[in-house]
Amino acid sequence: MPTVLTKRQIEANYDKFIAELTRLTRIYGVAIQSVGGVILADRLGEFENMTYLADITSGDLYPRFSDT
């Protein structure tokens with residue numbers, strides 16, 4: 001059974017993610033605008049098999065979650 005994350009751990013992970021996203025944005029020149037589009041993991045490893053479906057023509061970016 002995966003380890004359940006505490007609220008403090010989820011918030012710390014979010015802060016680290018934003019810092020890394022900022023770094024990647026500066027390197028690659030790609031910024032993400034999202035309002036209410038953030039999904040947070042409740043368990044360690046929950047997004048282990050997640051990938052993104054990205055459409056450069058529309059600018060859409062969707063997480064794709066795998067059950068395996």
Side-chain angles (χ1 to χ4, degrees):
M1 176 180 245
T3 303
V4 175
L5 298 171
T6 66
K7 182 179 179 195
R8 181 173 285 169
Q9 289 170 316
I10 292 170
E11 290 171 352
N13 285 345
Y14 183 76
D15 290 341
K16 289 184 224 175
F17 175 81
I18 295 302
E20 183 68 10
L21 181 60
T22 300
R23 187 183 76 77
L24 291 171
T25 295
R26 291 174 180 165
I27 290 171
Y28 295 105
V30 178
I32 297 173
Q33 177 179 332
S34 176
V35 178
V38 175
I39 302 169
L40 303 172
D42 293 323
R43 294 179 307 280
L44 196 59
E46 184 175 351
F47 294 168
E48 187 174 86
N49 295 316
M50 195 272 329
T51 59
Y52 282 104
L53 176 61
D55 180 357
I56 195 168
T57 60
S58 68
D60 292 342
L61 179 66
Y62 297 99
R64 185 176 5 194
F65 298 96
S66 174
D67 292 336
T68 59

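For clarity, every value in this text was computed on a predicted model and none was experimentally measured.
Under a hydrophobic clustering in which Ile, Leu, Val, Met, Phe, Trp and Tyr are joined whenever their side-chain heavy atoms come within less than 4.5 Å, directly or via other members, Met50 and Leu24 fall into different clusters. Transitive grouping of hydrophobic side chains (ILVMFWY, heavy atoms separated by less than 4.5 Å) brings Val38 and Phe47 into a common cluster. Residue Tyr14 is grouped with residue Tyr52 when hydrophobic side chains (ILVMFWY) are merged at heavy-atom distances under 4.5 angstrom, including chains of intermediate members. Both Leu5 and Ile39 belong to a common hydrophobic cluster when Ile, Leu, Val, Met, Phe, Trp and Tyr are linked at side-chain heavy-atom distances under 4.5 angstrom. Criterion: ILVMFWY side-chain heavy atoms under 4.5 Å apart, direct or through other members. Under it, Ile10 and Leu44 are part of a common hydrophobic cluster.
Nearest heavy atom pair, residue Ala54 against residue Leu61, reads CB-CD1, 3.8 Å.
Looking at Glu11 and Arg8, no side-chain N of the basic residue comes within less than 4.0 Å of a carboxylate O on the acidic one, giving no salt bridge.
Side-chain contact between Val4 and Asp42: absent, with no pair of heavy atoms (C-beta onward) separated by less than 4.5 Å.
For Ile27, the CD1 atom sits in a packed shell: over 12 heavy atoms of surrounding residues, nucleotides or ligands are nearer than 6.0 Å. Residue-environment remark: CD (Glu20) exceeds the threshold of 12 foreign heavy atoms within 6.0 Å. More than 12 heavy-atom neighbours from other residues, nucleotides or ligands sit within 6.0 angstrom of CZ on Phe65.
Of the possible donor and acceptor atoms, none in the side chain of Glu48 sits under 3.5 Å from a partner among the backbone N and O of Gly45.
Interatomic distance, CD1 of Ile32 versus CG of Leu21, reported as 5.0 Å (0.5 Å rounding).
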